[in-house]
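Each remark here refers to the structure printed beneath this line.
Just the heavy atoms: all of them, side chains too, but no hydrogens, waters or symmetry mates, feed the values below.
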Amino acid sequence: GGAALAAGWCPPPIPLPSLPLASDSRLKRPLTNSPDRLPCCAPFHATNRNCCRKTAMQGRVWAISAAATASWLACTGAADPDRYILGAQGQSCTEACALHGQQCSSSIVTHNTTEIFNEVGIQCSSTARGGEWWADNQPGYVSGKLDPNHGDCLGYIGVPESVDCDASYPSVERVCHCTGDLSHQCWFVPGGRQPCWDNTSASALTIGTGLSGGKLTPLETTLFAHKINETNGLLGQMNHFWSTCSPACERALIVRYYVDGETNASIEFRPSMASGVGFDDPTAPWGTRWAGLGAGNGMGQAWYNNFKVPFQSSIRVSIQSTDGATHGGFYIIVRGGLGLPLKIGNNELPPTARLQLQKFEGPMEPLEWLNVVSVPKGSSGQIFMTALAVNNSGIGGYNFLEGCYHMYDPADAPFPGILLSTGTEDFFDSGWYFNAGEFRFPVSGFTHGVNEKTVTEWSAYRYHEMDPLRFTDGVRMAWRCGDIGAAAPNGGHKCFAETLAGGGHKAGNPTCDHVISYAWVYVW
């Protein structure tokens with residue numbers, strides 16, 4: 001604000017959780033001894049350009065989010081349409097400039113001196129090959145400690161008129177030429193926080209976009225954003241997602257849907273688990289009306305889902321690579337429409353319904369409970385789809401499948417609530433630990449199974465379209481790792497003992513080293 005500018009200081013950018021920190025430890029320390037301010041060179045003009053460049057370029061020590069970048073650059077005046085920065089180790093100049101809301105220029109002018117390194121905060125103590133340029137990831141500074149050229153400044157003499165903005169090298173921090181303010185363009189907004197709406201006609205009833213042969217990068221990037229015209233009075237709904245790229249790329253892909261101006265996405269998914277498939281099982285082709293895998297079998301994968309994501313005012317879809325790598329050959333389509341009815345099975349949901357994705361990932365103790373769905377009292381809704389993936393080191397094998405599903409309606413109803421299944425495989429329409437093998441049916445599926453001496457892996461899905469699980473005053477849907485064998489009031493022998501205190505026993509040796517749970521639930 002004005003007081004900060006008057007004092008000569010600007011608030012620092014605040015890292016957002018959706019933007020991963022780079023591996024360089026320097027990204028985790030502040031620029032000054034003060035943790036809450038950065039030196040500000042405003043007003044920004046030619047006489048203090050080097051000062052501001054050095055200050056701004058040292059921004060490599062921060063993981064800068066889009067919103068924070070915008071406010072910080074505005075404060076410092078560093079929205080210079082033509083500047084040099086030092087990218088993070090292993091980062092391309094396309095990614096480095098995008099982080100600052102700009103695009104990469106392929107032209108780098110060094111005048112055959114090391115001054116360009118001084119401008120980005122690097123003092124060159126040594127050079128490799130006499131400073132001669134020999135690769136597109138140059139000029140650059142070798143920060144990787146295992147690189148034989150560690151500490152050297154590279155390639156500042158004889159730089160070609162045009163270098164490759166997309167080039168990178170694992171141990172090198174590139175000197176990048178960034179130009180233009182692209183904060184209004186979706187593909188150049190890391191974190192996707194800037195307003196960036198599509199140009200669909202106000203009368204159009206179908207919305208969406210696609211990307212052909214693009215890149216999936218570690219920077220969260222807005223793919224599509226649409227704001228409903230207030231005059232048409234229609235509600236919106238996204239209803240189709242599809243993506244394809246290499247198996248490694250699909251494993252790394254995270255998709256987020258920000259509904260009605262959310263700052264934290266209520267829907268964040270990996271395409272495979274959204275389809276109810278754990279462990280990136282490549283079996284293809286298969287599909288239901290809701291989701292499936294159209295290509296795979298060890299080659300490029302193509303996941304899709306047709307989940308209905310309602311919104312009242314706006315929707316924004318972003319994508320991000322979570323493995324730290326940039327993946328090429330990436331294709332994606334998202335689509336939706338306005339004025340569509342929101343029906344799940346035979347039930348038409350109210351216009352205020354919103355889709356939530358409730359997730360869990362981590363270890364569970366034997367007999368530990370997991371709230372697969374948890375909606376507080378006072379809310380109504382309908383559970384749409386659940387998916388579960390479990391693995392262990394072979395101890396107990398499939399004994400965790402003894403776990404029974406319970407539903408508590410209202411959310412504070414006492415145990416045992418409503419018994420939804422007499423075992424895990426029973427819930428997914430199979431039996432006897434899935435002794436008939438994998439299947440992918442319209443309502444339910446057993447999508448991955450390995451049961452060996454040293455490893456057990458399993459995943460499954462179920463849609464509650466034919467058997468809607470509805471509630472009016474909050475709900476809990478619970479599963480646990482294994483179950484207790486004990487006499488039941490109805491003459492059975494399991495699912496009705498909450499603890500071992502009543503004299504029951506563990507059914508086998510249930511072990512859940514790692515569990516992933518996805519639950520899609522409409523709430524209003």
Could you check whether the SG atoms of Cys97 and Cys165 sit less than 2.5 Å apart, since that is the cutoff I want to apply? no
Hey, is the main chain of Ala284 close enough, under 3.5 Å, to the side chain of Asn297 for a donor-acceptor pair? yes
Measure the CD1-OG1 distance between Ile332 and Thr244 for me, rounded to the nearest 0.5 Å. 10.5 Å
Sequence neighbours left out, cut at 3.5 Å: what donor-acceptor pairs do the side chains of residues 304-312 make with other protein atoms?
from	atom 1	to	atom 2	distance (Å)
Tyr304	OH	Thr288	N	3.3
Tyr304	OH	Thr288	O	2.7
Tyr304	OH	Ala291	O	3.2
Asn305	OD1	Phe307	N	3.3
Asn306	OD1	His240	ND1	2.8
Asn306	ND2	Arg289	O	3.0
Lys308	NZ	Lys343	O	2.9
Gln312	OE1	Arg354	NH2	3.1

Ignoring hydrogens, what is the shortest heavy-atom contact between Ile383 and Thr386? Give both atom names and the distance. CG2-CG2, 4.2 Å
Is it true that a side-chain atom of Thr511 and a backbone atom of Asn509 form a donor plus acceptor pair closer than 3.5 Å? yes
Does any part of the side chain of Phe241, heavy atoms only, come nearer than 4.5 Å to the side chain of Pro271, both counted from C-beta? yes
Is a donor on one side and an acceptor on the other found under 3.5 Å between the side chain of Asp409 and the backbone of Phe471? no
Between Arg256 and Glu220, is there a side-chain heavy-atom distance shorter than 4.5 Å? yes
Do other residues, nucleotides or ligands put more than 12 heavy atoms under 6.0 Å from Trp432 CH2? no
Taking side chain to side chain contact (heavy atoms under 4.5 Å, CB included) as the definition, give me every residue that meets it alongside Gln356, ordered by chain and number, with sequence neighbours left out. Gln358, Val521, Val523
Before you tell me yes or no, could you show the steps for Tyr461 and Phe446 under side-chain contact (heavy atoms from CB on, under 4.5 Å), namely the whole-Å CA-CA distance, both residues' side-chain angles and the distance that decides it to 0.1 Å? CA-CA 7 Å; Tyr461 67 82; Phe446 165 35; over 6 Å; no
Nearest non-hydrogen partners of Gly276 and Ala387, listed with the distance: CA-CB, 3.7 Å
Would you mind listing every disulfide (SG to SG under 2.5 Å) that reaches into residues 429-491, with sequence neighbours excluded? Cys481-Cys512
According to the salt bridge (Lys or Arg N to Asp or Glu O under 4.0 Å) rule, which pairs have a member within residues 442-457, sequence neighbours left out? none
Do Leu293 and Val277 have side chains that approach each other closer than 4.5 Å (heavy atoms only, starting at C-beta)? no
Run the side-chain contact (heavy atoms from CB on, under 4.5 Å) check on Leu419 and Phe496 step by step: do they pass? CA-CA 9 Å; Leu419 186 63; Phe496 283 87; 3.8 Å; yes
If we count only N and O atoms by modelled type, under 3.5 Å, do the side chains of Thr217 and Ser321 hold a donor and an acceptor together? no
Mind checking what makes ring-ring contact (aromatic ring centres under 6.0 Å, His included) contact with Tyr408, not counting sequence neighbours? none
Counting only heavy atoms from other residues, nucleotides and ligands, does the tally under 6.0 Å from CG of Asn346 exceed 12? no
Applied to residues 345-421, the disulfide (SG to SG under 2.5 Å) test, sequence neighbours excluded, yields Cys404-Cys495
Using only atom types and a distance under 3.5 Å, with no angle test, would you say the side chain of Gln89 pairs donor to acceptor with the backbone of Pro170? yes
Side-chain touch Val455/Asn391, heavy atoms, less than 4.5 angstrom: no
Tell me whether Asp166 is salt-bridged to Lys215, with the criterion being a basic N under 4.0 Å from an acidic carboxylate O. yes
Where at least one partner belongs to residues 480-489, residue pairs that pass salt bridge (Lys or Arg N to Asp or Glu O under 4.0 Å), sequence neighbours excluded: Arg480-Asp483
So which heavy atom on Tyr518 is nearest to which on Arg270, and how close? OH-N, 3.2 Å
Show me, pair by pair, the donor-acceptor contacts under 3.5 angstrom made by side chains of residues 423-430, not counting sequence neighbours?
from	atom 1	to	atom 2	distance (Å)
Thr424	OG1	Leu401	O	3.2
Thr424	OG1	Gly403	O	2.8
Thr424	OG1	Trp479	NE1	2.8
Glu425	OE2	Tyr433	N	3.1
Asp426	OD2	Thr422	OG1	2.4
Asp426	OD2	Gly423	N	3.3
Asp429	OD1	Arg462	NH1	2.9
Asp429	OD2	Ser444	OG	2.8
Asp429	OD2	Arg462	NH1	2.8

How long is the gap from CD1 on Ile207 to CD on Gln237, to the nearest 0.5 Å? 9.5 Å
For the residue pair Phe384 and Tyr463, does the interplanar ring angle fall in the parallel (under 30°), tilted (30 to 60°) or perpendicular (over 60°) class? tilted
Quick one: does Asn392's side chain have a donor or acceptor within less than 3.5 Å of a partner on Gly394's backbone? yes
Per the side-chain contact (heavy atoms from CB on, under 4.5 Å) rule, which among Leu253, Val255, Val334 passes with Ser243? Leu253
Any carboxylate oxygen within less than 4.0 angstrom of a Lys/Arg side-chain nitrogen, looking at Asp281 and Arg440? yes
Evaluate the criterion ring-ring contact (aromatic ring centres under 6.0 Å, His included) for residue pair Tyr398 and Phe434; output intermediate values, then yes/no. CA-CA 10 Å; Tyr398 278 161; Phe434 297 95; 7.3 Å; no
Assert yes or no for the condition that the ring centre distance of His406 to Phe415 is strictly below 6.0 Å. yes
Please identify each residue that fulfils ring-ring contact (aromatic ring centres under 6.0 Å, His included) with His448, with sequence neighbours left out. Phe279
Do the side chains of Val515 and Phe360 get nearer than 4.5 Å, heavy atoms only? yes
Criterion side chain to side chain donor-acceptor pair (under 3.5 Å) on His514 and Glu361, from CA distance to verdict: CA-CA 7 Å; His514 194 77; Glu361 182 167 358; 3.0 Å; yes
Disulfide (SG to SG under 2.5 Å) partners of residues 255-306, not counting sequence neighbours, each pair once: none
Does Ser421 use its side chain to pair, donor to acceptor, with the backbone of Tyr405 at less than 3.5 Å? yes
Under 3.5 Å donor-acceptor, Asp260 side chain and Ser313 backbone: yes
Anything under 30° is parallel, anything over 60° is perpendicular, the rest tilted; go ahead and classify His226 against Phe224. parallel
N/O donor-acceptor pair under 3.5 Å between Thr454 side chain and Ser393 backbone: no
Does anything in residues 368-379 form a salt bridge (Lys or Arg N to Asp or Glu O under 4.0 Å)? List the pairs, not counting sequence neighbours. Lys377-Asp412, Lys377-Asp473
Rounded at 0.5 Å granularity, tell me how far CD1 in Ile395 sits from CG in Asp513. 7.0 Å
Please answer whether the main-chain N or O of Thr472 pairs with a side-chain N or O of Ser380 as donor and acceptor at a distance below 3.5 Å. yes
Among residues two or more places apart or on two chains, list those pairs meeting disulfide (SG to SG under 2.5 Å) that have a residue in residues 219-305. Cys245-Cys249
Between Lys506 and Glu402, is there a salt bridge with N-O shorter than 4.0 Å? no
